[in-house]
Number of protein chains: 2
Amino acid sequence: MDRMPIQVKNTFNPVELRGLLRTGGLKATRSRLAILGVMRRTKHPLSPQEIIERLGKSFDQATIYRFIKKLQARGIIRQIDLRHNHAHYELFDLNDHHHLICMRCGRIEDVSGCEIEDAYNAILRSAKDFSEIRQHSLEFYGICRNCGKHKA
Amino acid sequence: MDRMPIQVKNTFNPVELRGLLRTGGLKATRSRLAILGVMRRTKHPLSPQEIIERLGKSFDQATIYRFIKKLQARGIIRQIDLRHNHAHYELFDLNDHHHLICMRCGRIEDVSGCEIEDAYNAILRSAKDFSEIRQHSLEFYGICRNCGKHKA
DNA sequence: AGTTTATTGCAAGTAATTCGCATTTAGATT
DNA sequence: AATCTAAATGCGAATTACTTGCAATAAACT
């Protein structure tokens with residue numbers, strides 16, 4: 001394949017998607033590249049069903065769910081809790097960001113720069129039974145401007 | 001119908017449980033007092049099924065789920081994402097605390113004192129589409145000491 | 001090209017949550 | 001205390017979310 005220019009964080013090109021999989025010991029199948037492609041080009045967390053919809057053609061759920069598990073175990077994606085009754089996922093982003101979620105309409109906005117990482121050590125020091133923190137999840141639930149206009 | 005969250009101090013005795021419900025415009029039935037009782041005396045987040053188990057007698061799921069929704073809408077309980085495939089809930093606690101969750105065995109430890117609240121304003125300032133934050137969720141996922149001993 | 005092994009697709013299975021509706025009950029009203 | 005009414009319950013069925021077993025397929029290594 002052609003050598004691709006160096007990309008900014010998390011702008012995975014096709015080659016990099018392959019590498020991502022290989023590094024994780026995962027085979028790079030057409031489906032998998034397509035799934036990662038969808039996630040890459042969507043800027044908000046996706047549910048498995050949403051991924052299937054975006055893939056266009058009918059796609060087997062089991063395949064998605066199994067793949068998601070592997071991605072998650074390898075830290076390639078992370079799980080986001082939007083408080084719908086199903087999980088959402090997004091590509092792991094080194095620029096740690098979190099989400100503002102509207103409790104009425106579900107609108108999502110990214111918020112960036114939250115120095116939780118700095119708190120890790122303090123938390124570990126105070127923890128009795130834990131020796132390692134691998135990830136965290138931080139979501140803010142509120143009311144978006146639009147919903148704020150219309151009385152509840 | 002559903003109202004705005006009401007955050008009441010959490011020093012519940014039986015009488016206060018009644019008041020809690022009344023303030024929320026909810027009828028104080030025997031079942032409801034029992035459910036709140038279970039949540040009060042358990043120090044970790046519970047799933048609807050766990051609540052049913054603890055209630056002893058056979059208990060209708062629909063009743064629990066419906067009640068939980070109302071409690072949540074009123075800010076009496078909050079939802080915790082332990083990344084099992086179902087939601088967990090705990091009584092809302094003004095002493096804001098969060099959870100360390102073991103990614104292997106699911107063990108939970110509380111961590112307290114995380115000054116996220118102070119970040120609310122900063123976050124709102126930087127937010128484009130949000131005018132109000134009502135709650136947040138912060139969970140840390142890691143490996144507990146016990147699981148840390150045994151190699152993965 | 002051939003072999004190995006991970007991955008897929010399908011169909012069935014389980015778990016989690018919701019809904020509709022007839023019945024009951026808490027709490028306000030008389 | 002008896003009555004009234006809206007809210008809550010119980011039940012069964014429905015829906016949604018996710019998982020599993022297994023035979024067929026395709027990636028990656030030789």
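From a predicted model like this one, the values you see are computed outputs, not experimental measurements.
Atom CZ of A:R18 is separated from atom P of C:dA6 by 19 Å (rounded to the nearest Å). What separates CD1 of A:I68 from P of C:dT8 is a distance of 12 Å, to the nearest Å. Computed from coordinates, the A:E50 CD to D:dC18 C1' distance equals 16 Å when rounded to whole Å. Here C:dA16 presents its C1' atom at 17 Å from NE2 of A:H84, a figure rounded to the nearest Å. Computed from coordinates, the A:Q72 CD to D:dT19 C1' distance equals 15 Å when rounded to whole Å. The distance from atom CG of A:L21 to atom P of D:dA28 is 9 Å, rounded to the nearest whole Å. Remark: P of C:dA16 and CD of B:E53 are 10 Å apart, rounded to the nearest angstrom. Between the C1' atom of D:dA17 and the CZ atom of A:R83 lies a distance of 19 Å, rounded to the nearest Å.
Within the 3.5 Å criterion, the main-chain N or O of A:K128 finds a donor-acceptor partner in the side chain of B:E109. For the pair B:R22 (side chain) and B:R18 (backbone), a donor-acceptor distance under 3.5 Å is absent. Proximity of a side-chain donor or acceptor of B:T42 to a complementary backbone N or O of B:M39 within less than 3.5 Å is not detected. At distances below 3.5 Å, at least one donor-acceptor pair connects side-chain atoms of B:R74 with backbone N or O atoms of B:G24.
The residue among B:D60 and B:H86 whose nearest nucleotide of DNA chain C is located toward the 5' end is B:H86. Where B:Q61 and B:S31 meet DNA chain D, the nucleotide closest to each residue was compared, and B:S31 sits on the side nearer the 5' end. Of the two residues contacting DNA chain C, namely A:F67 and B:R30, the nearest-nucleotide position lying further toward the 5' end is that of A:F67.
Picking from D:dA28, C:dT17, D:dT9 the nucleotide with the shortest atom distance to the side chain of B:T63 gives D:dT9. Among C:dA28, C:dT17, D:dC11, the nucleotide with an atom closest to any side-chain atom of B:P48 is C:dT17. Side-chain proximity of A:K27 to the nucleotides C:dA6, C:dC21, C:dT8 is greatest for C:dA6.
In terms of phosphate contacts, B:K70 brings a side-chain nitrogen or oxygen within less than 4.0 Å of OP1 or OP2 of D:dA8. Phosphate proximity of D:dT19 to A:Y65: absent, as no side-chain N or O sits under 4.0 Å from OP1 or OP2. Between A:K69 and D:dT19 there is a side-chain polar atom (N or O) within less than 4.0 angstrom of OP1 or OP2. For the pair B:T29 and D:dT9, the criterion of a side-chain N or O lying under 4.0 Å from OP1 or OP2 is met.
With hydrogens and angles ignored, a donor-acceptor pair closer than 3.5 Å exists between the side chain of A:R66 and the base of D:dG21.
Between the side chains of A:H44 and A:E50, not a single donor N or O lies within less than 3.5 Å of an accepting N or O.
Using a 4.0 Å heavy-atom cutoff across all strands shown, B:A62 reaches at least one base atom of the nucleic acid. Nucleic acid contact class of B:N85 (heavy atoms, under 4.0 Å, all strands): sugar-phosphate only. Backbone-only engagement by A:R32 is indicated by non-hydrogen atom pairs under 4.0 Å involving sugar-phosphate atoms exclusively.
The ring pair (Phe, Tyr, Trp, His ring centres under 6.0 Å) contacts involving residues 46-87 of chain A comprise A:H84-A:H86, A:H84-A:H88, A:H86-A:H88, where partners must be two or more places apart or lie in separate chains.
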